[in-house]
Amino acid sequence: MDKDRIKELDESIKKNNIILTAEEKEDSYYDEINIVKEISNINIQTQGYKFLSLETAAASTKQWTLRYTTFLADYWVENPNLFSKYRWFTGDDRGYNATASSYRTRADVNICFCSAGNSVGLNRSVGTTHGYDKNKKFLKSGTASSSGIDIENLNLGKSKITFKLTHAVGNPLVTSLDIDYYVNAEFYSNGNYKLSGEHDQAPHHEVYLKGSNSSSYQKMHQAATKGLEWLAPPMPNKSWAKSNF
């Protein structure tokens, strides 16, 4: 990272009264990148990137569901804004789970190379936020709009479908920064796919894919929160990529 970027980050941390340990501050100077490629029956370690051996999609696959969920792992989540009347929020009290019913947001993208025509459909869902005072006395609940979850740059080709899934959803009870992410996706009629994305390093993020020949979701990407203060720019985002070809 160049000196101007480090200076900008230090000024933002000071301006927003963000308290970081020496290790956390060092981490904030670097972007994180995860790149994973599926290679059937082979494990390869090269150039610092880990390529995992997982079962590839069958060549006959014509349909997928891409699931992207954000969640708060803890039961109680403290508001970093000391001046807000909402000092605590309840989280989702869980770990990574593709089918969990509790989450902050969820986007399901259905991709189909169908005989009636190729298609991409989006189902959006937002969990309820519950706010409490400093003594953890309940004050109010609210649900943010799902309009910040959308599909852009959709291209329905004969043998290739591409799109960009975008996300910008915040806390409905207080003025806060949005949870931001995007995913660039490519799906092919022969069963191949390529995913790449970037997201804030808060809260927890989990991405899964389920093909038409599978009854369960396969992990594409998981990332744990570094704290809600990591929603604030210019804290670095996390980048990731996954493909099976």
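Each residue takes its place number in the sequence, starting with 1.
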Is there a side-chain contact (heavy atoms from CB on, under 4.5 Å) between T90 and Y75? Walk through the geometry before answering.
CA-CA 5 Å; T90 48; Y75 182 82; 4.2 Å; yes
T128 vs S141, side chain to side chain donor-acceptor pair (under 3.5 Å): CA-CA, chis, key distance, verdict
CA-CA 7 Å; T128 301; S141 294; over 6 Å; no
Between atom [atom1] of [X] and atom [atom2] of [Y], what is the distance when rounded to the nearest 0.5 Å?
X: T129; Y: K140; atom1: OG1; atom2: NZ; answer: 11.5 Å
X: K164; Y: D150; atom1: NZ; atom2: CG; answer: 11.5 Å
X: K226; Y: L231; atom1: NZ; atom2: CG; answer: 13.5 Å
X: L156; Y: N118; atom1: CG; atom2: CG; answer: 6.5 Å
X: R94; Y: S101; atom1: CZ; atom2: OG; answer: 8.0 Å
X: E186; Y: S196; atom1: CD; atom2: OG; answer: 7.5 Å

Closest heavy-atom contact between [X] and [Y]?
X: P203; Y: F71; value: CB-O, 3.2 Å
X: A223; Y: K238; value: CB-CD, 3.8 Å
X: F89; Y: G131; value: CD2-CA, 3.8 Å
X: R87; Y: N79; value: NH1-O, 2.7 Å
X: D74; Y: V77; value: O-CG2, 4.2 Å
X: Y96; Y: A224; value: OH-N, 3.1 Å

Backbone of [Y] reached by a side-chain donor or acceptor of [X] within 3.5 Å:
X: E206; Y: N97; answer: yes
X: N171; Y: S176; answer: no
X: N135; Y: K137; answer: no
X: D178; Y: D180; answer: no
X: D200; Y: A202; answer: no
X: Q201; Y: P236; answer: yes
X: Y208; Y: T65; answer: no
X: K242; Y: K219; answer: yes

Determine the interplanar angle of the [X] and [Y] rings, folded into 0 to 90°, and report it as parallel if under 30°, tilted if 30 to 60°, perpendicular if over 60°.
X: H199; Y: H205; result: parallel
X: Y132; Y: F138; result: perpendicular
X: Y68; Y: Y181; result: parallel
X: W88; Y: W76; result: perpendicular

Test: D108 and R67 ion pair at under 4.0 Å
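R67 and D108: salt-bridged.
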Do the side chains of E78 and K136 get close enough for a salt bridge, i.e. N-O under 4.0 angstrom?
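Salt bridge between E78 and K136, a charged N being under 4.0 Å from a carboxylate O: no.
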Under the disulfide (SG to SG under 2.5 Å) definition, can you give me all pairs with a residue in residues 173-245, not counting sequence neighbours?
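Those involving residues 173-245 do not exist here.
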Which is it for D92 and S102 under the side chain to side chain donor-acceptor pair (under 3.5 Å) test, yes or no, and what are the steps along the way?
CA-CA 6 Å; D92 300 298; S102 181; 2.6 Å; yes
Heavy-atom distance under 4.5 Å between the side chains of [X] and [Y], does that happen here?
X: V169; Y: I179; result: no
X: V109; Y: I111; result: yes
X: T143; Y: P172; result: no
X: L173; Y: L139; result: no
X: L228; Y: W230; result: no
X: Y217; Y: T99; result: yes
X: L72; Y: R104; result: yes
X: I161; Y: F113; result: yes

In sequence, state the C-alpha distance, the side-chain angles, and the governing distance for N237 and S239, and then conclude on side chain to side chain donor-acceptor pair (under 3.5 Å).
CA-CA 7 Å; N237 291 340; S239 299; over 6 Å; no
Are there more than 12 heavy atoms of other residues, nucleotides or ligands under 6.0 Å from atom NZ of K210?
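Enclosed.
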ring-ring contact (aromatic ring centres under 6.0 Å, His included) evaluation trace for W64 with F187:
CA-CA 9 Å; W64 299 263; F187 288 89; 4.8 Å; yes
Verdict with reasoning, L195 to N184, per side-chain contact (heavy atoms from CB on, under 4.5 Å)
CA-CA 6 Å; L195 305 172; N184 288 315; over 6 Å; no
What side-chain donor-acceptor pairs closer than 3.5 Å can you find for residues 119-126, not counting sequence neighbours?
from : atom 1 : to   : atom 2 : distance (Å)
R124 : NH1    : I149 : O      : 2.9
S125 : OG     : Y103 : OH     : 2.7

Set out, in order, the CA-CA distance, both residues' side-chain angles and the distance that settles side-chain contact (heavy atoms from CB on, under 4.5 Å) for C112 and K62, then state yes or no.
CA-CA 6 Å; C112 188; K62 299 291 184 181; 5.8 Å; no
Going hydrophobic residue to hydrophobic residue with side-chain gaps under 4.5 angstrom, can you get from V183 over to F163?
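Yes; F163 is reachable from V183 via cluster members.
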For T105 and H167: C-alpha separation, side-chain torsions, deciding distance, then whether side chain to side chain donor-acceptor pair (under 3.5 Å) applies.
CA-CA 9 Å; T105 64; H167 181 287; 2.9 Å; yes
ring-ring contact (aromatic ring centres under 6.0 Å, His included) between Y188 and F245: does it pass, once the steps are laid out?
CA-CA 11 Å; Y188 297 83; F245 69 97; 5.5 Å; yes
